[in-house]
Amino acid sequence: MINKKGFVALASGSLLAISATISYGLTGTGEGNSGPLDPTLVTQGQQVFRFETFGDEIFWTGQLHMNEVVSQAVDPKTALAVGLKVDIDALPQAVQESIADGSVDLTSPATTVTLLKLNAVVGLQGQVSNNGTLTQLGVSCALCHSTVDNSFSAGIGHRLDGWPNHDLNPGAIIALSPALTQAQKDVYNSWGPGLFDPRFNIDGLSNHVVIPPAYGLEGINSVVYTGDGPSLFYWNCYVGVTQMGG
């Protein structure tokens, strides 16, 4: 278990790595204001951004029971409808062909579990047992701040790291949890795609904002579209702890 000081230290290192990745991706040369970037740091940042949950399975699995919801009620068509994305590069060629020819059942939650086992659902990290049970589910930064290029089909394609996922309906996804009251679900369902309130579970007030990108934010203090501050580093820590549940 990581205490608060340990988490901040971890978040600091992760932020540096993520920032390196974002700068590298935008310039194409790996040269930012501080000169060429360390390729090892860039790779580390990409891995953290895409896959690191900071242990938030404790929240998404232990408290919200989202692993059970996904296993029982979220088939691929439903997942795509609420804005979840599939990384085509994580799918073996045989699976890609089966999806294309219609031999994969996209109306079965078991197919979603298989996609999670292949680590193909952008921003979701699932642990699947040998008997096909989804035992753990967590989220990474990429859930809200990545999308795909739709090169295979709508919602399925190559990753676009750092792009805001304005198709994603995080409120509707969270509202599927059996651990919430109906009043809470009503608020979550009221937001709509591309919108999220990062303070609702803290202050109980519904003031949703547009999901921002994770690039182009160097030197910007008010990092969400509505001008809500303060700094980018603060938001990385705040969201990681209070929203992701890290």
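Atom CG of L205 sits about 8.0 Å away from atom CG of D197, to the nearest 0.5 Å. Within the model, atoms CD1 of I174 and CD of Q184 stand 10.5 Å from one another, a figure rounded to the nearest 0.5 Å. To the nearest 0.5 Å, the span separating CG on D105 from NZ on K77 amounts to 8.5 Å. One finds the CD atom of Q93 at 10.0 Å from the OG atom of S98 (value rounded to the nearest 0.5 Å). To the nearest 0.5 angstrom, I173 atom CD1 is 6.0 Å from L143 atom CG. Between L176 atom CG and E68 atom CD the span is 13.0 Å, to the nearest 0.5 Å.
For the pair R50 and S140, the minimum side-chain heavy-atom distance is 4.5 Å or more. Residues V86 and V122 form no side-chain contact, since every pair of their non-hydrogen atoms from C-beta on lies 4.5 Å or further apart. Under the 4.5 Å side-chain criterion, counting only non-hydrogen atoms from C-beta, I88 is in contact with H158. Put simply, the side chain of V113 reaches to within 4.5 Å of the side chain of S71, judged on heavy atoms. L106 has its side chain out of reach of D75: every pair of non-hydrogen atoms, C-beta onward, lies at least 4.5 Å apart. Using a 4.5 Å cut-off on side-chain heavy atoms (C-beta onward), L84 and N165 make no contact. With a 4.5 Å cut-off on side-chain heavy atoms, V70 and L137 count as touching. The side-chain heavy atoms of Q125 and V139, taken from C-beta on, include no pair separated by under 4.5 Å.
Grouping the Ile, Leu, Val, Met, Phe, Trp and Tyr side chains by contacts below 4.5 angstrom, directly or via other members, places L134 with L118. F51 and L160 are assigned to two separate hydrophobic clusters, defined by single-linkage of ILVMFWY side chains at heavy-atom distances under 4.5 Å. By the rule that hydrophobic residues join a cluster once side-chain heavy atoms approach within less than 4.5 Å of another member, W163 and V148 end up as members of separate clusters. Residues V121 and W60 fall within the same hydrophobic cluster, defined by Ile, Leu, Val, Met, Phe, Trp and Tyr side chains chained together at heavy-atom separations under 4.5 Å.
Nearest heavy-atom pair across D101 and S103 is OD1-OG, 2.6 Å. M66 approaches S177 most closely through the heavy-atom pair SD-CB, 3.8 Å. S146 and F49 get closest at one heavy-atom pair: OG-CE2, 3.1 Å. Smallest separation of non-hydrogen atoms from Q63 and A179: O-CB, 3.2 Å. Annotation for P198 and V209: closest pair CD-CG2, 4.0 Å, computed over non-hydrogen atoms.
Between the side chain of D56 and the main chain of F59, no donor-acceptor pair closer than 3.5 Å is present. Although no hydrogens or angles enter the test, the distance criterion places no donor-acceptor pair under 3.5 Å between the side chain of T111 and the main chain of T107. Looking only at distances, a side-chain donor or acceptor of N150 sits under 3.5 Å from a matching main-chain atom of G155. Under a 3.5 Å cut-off, the side chain of E97 and the backbone N or O of A94 do not form any donor-acceptor pair. Using modelled atom types, no side-chain atom of T133 and backbone atom of T135 make a donor-acceptor pair closer than 3.5 Å. At distances below 3.5 Å, not a single donor-acceptor pair connects side-chain atoms of T78 with backbone N or O atoms of V74. Although no hydrogens or angles enter the test, the distance criterion places no donor-acceptor pair under 3.5 Å between the side chain of T61 and the main chain of Q136. Counting only distance, with no hydrogens or angles, the side chain of H145 and the backbone of P212 share a donor-acceptor pair below 3.5 Å.
Residues passing the side chain to side chain donor-acceptor pair (under 3.5 Å) test with Q96: none are found, sequence neighbours excluded. The side chain to side chain donor-acceptor pair (under 3.5 Å) test applied to D167 returns K85, not counting sequence neighbours.
Side-chain atoms of Q243 and N201 form a donor-acceptor pair, as typed in the model, at a separation below 3.5 Å. Counting only N and O atoms by type, the side chains of T40 and Q44 include no donor and acceptor under 3.5 Å apart.
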C141 and M244: CA distance, side-chain angles, deciding distance, side-chain contact (heavy atoms from CB on, under 4.5 Å) verdict
CA-CA 8 Å; C141 301; M244 291 170 61; 4.3 Å; yes
side-chain contact (heavy atoms from CB on, under 4.5 Å) between L124 and L116: does it pass, once the steps are laid out?
CA-CA 7 Å; L124 292 185; L116 287 166; 3.7 Å; yes
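Residue pairs meeting the ring pair (Phe, Tyr, Trp, His ring centres under 6.0 Å) criterion with at least one partner in residues 168-188, sequence neighbours excluded, are Y188-W191, Y188-F200.
The aromatic rings of Y238 and W235 sit perpendicular to each other, their planes meeting at more than 60°, with 30° as the lower class boundary.
With L115 as the fixed residue, the side chain to side chain contact (heavy atoms under 4.5 Å, CB included) test singles out one of I156, L91, V104: L91.
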